[in-house]
Amino acid sequence: MILWYLLYHYFMARYDHKKVEAKRQKRWVKEGVYEPNLPRRASLQAGAKKPFYNLMMFPYPSAEGLHVGNMYAFTGSDIYGRFKRMQGYDVFEPIGLDGFGIHSENYALKIGVHPATQAKVSEKRFYKQLVSIGNGFAWNERLETYDPEYYRWTQWIFTRMFKAGLAYRKRQEVNWCPSCKTVLADEQVEGGVCERCKTQVIKKELEQWFFGITKYAERLLRNLPSLDWSDNVKIAQRNWIGRSEGALIAFDLNMIPGQPDGKHKVQIFTTRPDTMFGATFMVVSPELAQQWLAVGWQADAKIKKYVADVLAKRRAADKETSTKKTGIFSGIYAVNPANKDEIPVWISDYVLGDVGTGAIMAVPAHDQRDFDFARAFNISIKMVVQPPSVKEGLFSLSEAYEGEGVLVNSEKFNGMRSEEAKKAITEQVGGKTDVRYRLRDWLISRQRYWGPPIPMIYCEACAARKTGERADMPGWYAVPEGDLPVKLPLMKDFRPSGTGVSPLASAQSFSQVKCPACGAKARRETDVSDTFLDSAWYYLRYIDVANTQKPFDKARTEKWLPVDMYIGGSEHAVLHLLYVRFVAMVLKDWGLIDCEEPFKKFRAHGLLIKEGAKMSKSRGNVVNPDEYIKRFGADALRMYLMFLAPFEQGGDFRDQGMAGITRFLERVWRCGTAQKFVKMSSDDVRRAREQAVKKVTEDIEALRYNTAVSALMICLNAIEEHGADKETCKTFLKLMAPFAPHMADELWERLGGKKSIHREPWPVHDEALVREETFDLVVQVNGKVRAVVKAQKGIAEAQAAALAHADANAHKFIIGTIKKTIFVKDRLINFIM
RNA sequence: GCCGCUGUGGUGAAAUUGGCAAACACGCGCGACUCAAAAUCGCGUGGCUUUACGGCCUUGUCGGUUCAAGUCCGACCAGCGGCACCA
């Protein structure tokens with residue numbers, strides 16, 4: 001009997017996370033706790049008063065289910081949202097799935113299920129998991145990128161891009177992933193390998209669709225400083241856009257030395273026109289040499305072979321990163337417009353066809369690459385910029401001097417500072433100042449199946465007549481807006497062909513279509529668009545998911561945009577986060593939205609590792625959140641994830657660490673269910689409470705969740721030690737609510753709360769109560785701590801000195817005369833002997 | 001090579017403007033409860049030294065500024081991330 005009694009109480013007292021979490025989650029949905037006031041079209045005025053758009057990068061539903069890394073990011077975002085909601089904002093925290101793309105398609109291929117079928121399975125599983133982590137999502141506004149009602153508008157954006165001249169087709173060397181069997185954008189190649197599958201990327205010459213993001217390079221760069229974003233992401237974008245100021249300068253070419261023909265010219269781009277007098281040779285890229293050959297340049301067989309070899313090598317799959325420069329003299333001479341010197345033109349692999357103009361003037365004395373080449377091929381080196389550290393002219397250089405200085409060997413420009421000479425020499429040689437960017441246009445087409453078909457039609461008849469929707473692209477028409485979406489056909493064999501043609505090309509019924517202009521037999525574009533286009537506008541659709549007339553309503557965007565807080569991984573610094581800004585700028589220019597920067601504030605969360613190692617399937621150390629939620633509860637896992645390290649830094653997940661948080665929550669539960677309150681909290685407890693309010697509030701705002709949790713622990717320690725009144729306990733629960741939303745809500749109800757704690761106002765601290773009347777006065781002698789004594793706040797130096805002298809140990813060290821005393825109010829006193 | 005970030009106990013980490021280094025936890029040790037164990041609770045826990053009070057040392061390394069440096073400055077070392085013949 002006694003045993004049963006004890007067991008009964010044991011189970012009653014222990015926190016049953018499964019039961020409580022399920023109950024709270026059900027209640028939240030029923031009461032619509034997290035549904036924002038997104039008004040129906042007619043009554044915009046009646047909507048949210050203090051809108052706060054709290055967005056988290058939506059996940060792609062991977063086969064393995066929700067990764068703990070996803071949960072880490074989502075929890076961090078959710079805590080911020082819950083905090084803002086309790087502060088009185090109408091928080092909108094939507095969720096959806098970025099379900100189109102190679103990742104999902106590859107998984108479908110692997111298990112032999114159609115991606116559309118698999119999508120439904122993953123969707124269900126993902127949403128279930130996303131419910132279980134306890135986030136305050138607005139479930140009514142969810143979206144999936146593979147939903148025709150969504151990609152209808154993705155396609156619509158494409159057609160508008162085409163009409164605006166921002167989407168175009170071009171044949172050029174592009175990145176090709178042999179494993180994914182599709183082309184990739186530059187942003188999707190990381191260190192020469194495919195961002196997704198890590199396969200070495202090769203170059204292929206293909207005709208592809210591009211978005212003209214480079215037209216926005218200047219704006220994308222210019223806006224960066226004003227964005228409240230994590231610095232590392234802003235820096236990455238700045239480097240990626242890579243602005244360089246320089247000059248475009250034309251050189252005459254002499255096919256035969258000493259015989260100007262006035263016909264042949266070549267343009268070069270340089271950021272150092274000040275060094276022009278030092279240009280002792282010119283280098284053209286193999287790509288440009290190839291073009292010359294194509295228009296009839298009669299070159300040696302050796303030269304032709306060199307060009308062909310280098311071009312072949314650039315296409316090859318081996319990633320040999322030799323820094324050894326090769327090259328061949330072309331037999332042609334260029335005339336340096338600065339001093340009319342005839343300089344040899346070389347062809348070398350160290351000059352790239354798609355950078356600058358594909359040709360350079362080489363100044364070996366002031367560019368290390370030119371220097372190396374000149375040394376290797378015995379070309380003269382001429383110094384024209386004298387470093388400030390050097391008094392007389394230098395006779396030999398062991399390396400190029402790339403800094404600024406004063407010009408020498410430059411005729412009438414001698415003595416001029418290199419910075420001024422840039423402009424002066426450019427003018428002298430008839431050059432034109434120019435700005436170039438590293439950024440290149442966004443390669444948007446993909447030769448895969450699982451994506452939105454590019455909504456374009458090509459009519460050969462129109463092409464032959466040189467007519468079309470756009471003068472520069474005869475034969476091409478956007479699918480009329482009324483015909484959207486161009487639905488992705490259900491195909492049995494959706495395997496990538498690897499030939500540069502999308503699997504959709506084999507679906508005759510799909511590709512055969514009538515020309516929208518002349519009605520002749522035409523064909524559809526069969527490539528699909530890059531997944532990153534899907535995610536480049538999803539934040540707009542969230543606020544208007546049910547709109548069947550437009551992608552989104554402008555009045556709503558005015559109310560909810562820009563996104564107030566965006567959280568995600570920094571791996572998207574030059575992918576998603578760049579594309580999304582570009583698309584926003586375009587939409588702004590079309591008058592569809594008012595702000596050209598979509599995210600007011602962006603914070604990158606850190607990376608989670610496990611026991612000191614990167615999580616990976618092969619290591620078998622991937623943390624499955626489902627298991628932990630089952631064992632410890634979502635609240636415990638959430639809180640542990642936030643406690644283990646600073647959110648923006650990322651941290652090390654250790655199983656042992658879960659114990660501390662579980663213990664903490666059990667203690668809170670015991671405290672909250674026992675409900676043994678004192679009539680009035682002691683000063684100590686009251687102060688602990690107010691300090692916790694202050695600290696937790698400040699820390700959440702700054703995303704310092706780890707120290708916010710520790711502040712809660714300190715507060716609980718005080719409550720347990722001294723006992724607390726009911727109000728103190730309620731305040732404590734509110735502070736804990738963003739971190740452990742289920743338990744906080746349950747205990748809140750048991751303490752008599754009528755509505756959900758997540759709709760309660762966030763506490764505000766009383767500065768007077770935070771302050772302590774006493775402080776620890778640090779007594780130093782010659783800078784060394786000799787005593788710590790309790791003192792009244794605000795005491796003057798004389799009183800502090802008296803206290804210090806009264807301390808036996810400190811007194812022991814104060815021998816001789818005091819030369820100087822340093823007194824820092826409410827902190828320390830330091831005697832210098 | 002260039003740009004950025006990070007180096008603090010056995011572990012994760014904390015530290016406003018330069019003002020007690022190691023908060024809060026984990027782990028460990030000792031103790032209480034228990035026949036016993038788990039759970040729970042209490043105490044201790046950077047190193048060296050001292051019977052004790054205390055003292056000396058300690059934030060990757062070396063140097064500097066300062067009454068005072070984890071924090072500021074200079075040089076270097078290590079690790080992580082990004083870009084990489086960008087003309």
Side-chain angles (χ1 to χ4, degrees), chain A residues 10 14 190-192 230-240 242-244 246-247 268-272 275 283 285 321-325 348-352 354-363 367-370 372-373 436-440 570-571 573-574 606-607 609 611-612 614 640 643-646 648-661 663-664 666-667 670 698 704 706-717 720 776-788 808-809 812 819-833:
Chain A
Y10 176 79
R14 267 194 97 88
E190 288 174 352
S230 299
D231 276 335
N232 52 347
V233 170
K234 292 208 283 190
I235 291 163
Q237 290 210 352
R238 200 177 62 217
N239 292 342
W240 187 259
R243 184 181 199 272
S244 49
I268 59 104
F269 176 72
T270 178
T271 54
R272 295 296 304 271
T275 64
V283 188
S285 61
T321 48
S322 74
T323 47
K324 213 178 161 243
K325 297 173 175 58
S348 170
D349 59 351
Y350 87 94
V351 173
L352 306 172
D354 53 0
V355 176
T357 61
I360 61 159
M361 67 167 192
V363 185
D367 183 289
Q368 193 56 44
R369 296 155 301 179
D370 299 345
D372 294 342
F373 192 82
R436 297 261 160 171
Y437 299 92
R438 215 195 71 101
L439 181 73
R440 278 178 280 171
S570 55
E571 69 273 15
V574 293
L607 228 67
I609 55 171
E611 322 267 344
K614 213 172 166 175
Y640 175 59
F643 180 60
L644 59 81
E648 291 180 79
Q649 183 191 304
D652 195 357
F653 189 102
R654 283 166 191 268
D655 286 345
Q656 276 183 338
M658 286 294 304
I661 291 293
R663 236 171 276 180
F664 169 78
E666 288 286 355
R667 280 162 59 201
R670 240 175 291 147
E698 288 170 357
R704 288 189 301 252
N706 55 331
T707 47
V709 174
S710 93
L712 289 172
M713 289 170 167
I714 292 167
C715 186
L716 180 70
N717 289 346
E720 279 188 336
D776 291 330
L777 175 70
V778 176
V779 181
Q780 293 184 337
V781 180
N782 285 333
K784 285 195 186 266
V785 180
R786 294 304 173 185
V788 177
N809 194 55
K812 208 167 73 187
K819 274 195 221 141
K820 198 173 153 192
T821 307
I822 287 125
F823 177 68
V824 182
K825 200 178 163 235
D826 294 347
R827 266 190 208 275
L828 95 165
I829 187 158
N830 186 6
F831 301 105
I832 313 305
M833 309 306 294

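Model, not experiment: these values are computed from the prediction. Throughout, protein chains are lettered first and strands after them, A, B, ... in sequence-line order, and every chain is numbered starting at 1.
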With a 6.0 Å cut-off (strictly less than), is the heavy-atom count around CD1 of A/Ile822, excluding the residue itself, greater than 12? yes
Classify [X] by what it touches in the nucleic acid, base, sugar-phosphate, or nothing, heavy-atom distance under 4.0 Å.
X	result
A/Ile661	nothing
A/Arg704	nothing
A/Phe664	nothing
A/Arg243	nothing
A/Asn717	sugar-phosphate
A/Asp370	nothing

Paired nucleotide for [N] [Watson-Crick or G-U wobble; both distances under 3.5 Å]:
N	value
B/G9	none
B/A15	none
B/C28	B/G44
B/G81	B/C3
B/A75	B/U61
B/A37	none

May I ask you to evaluate whether [X] reaches the phosphate of [N], defined as a side-chain N or O under 4.0 Å from OP1 or OP2?
X	N	result
A/Arg663	B/G27	yes
A/Asn830	B/U66	no
A/Asn232	B/C3	no
A/Arg438	B/A84	yes
A/Thr357	B/A87	no
A/Lys784	B/G19	no

Reported CD1-to-OG1 distance for the pair A/Ile268 and A/Thr357, which is rounded to 0.5 angstrom: 6.5 Å
Of the candidate nucleotides B/G55, B/G19, B/A14, which contains the atom at the shortest distance from the side chain of A/Asn706? B/A14
From the set B/A21, B/G27, B/A25, return the single nucleotide nearest to any side-chain atom of A/Ala659. B/G27
Examine the base of B/G19 for any acceptor or donor lying under 3.5 Å from a partner atom in the side chain of A/Gln780, and report the outcome as yes or no. yes
Lys/Arg-Asp/Glu bridge criterion (N-O < 4.0 Å) met for A/Arg272, A/Asp367: no
Going by distance alone, is a donor N or O of one side chain under 3.5 Å from an acceptor N or O of the other, for A/Asp372 and A/Tyr350? no
For the residue pair A/Arg786 and A/Asn830, confirm or rule out a side-chain donor-acceptor distance under 3.5 Å. no
Nearest-angstrom distance from the residue atom [atom1] of [X] to [atom2] of [N]:
X	N	atom1	atom2	value
A/Leu716	B/A23	CG	C1'	16 Å
A/Tyr350	B/C86	OH	P	10 Å
A/Asp652	B/G27	CG	P	15 Å

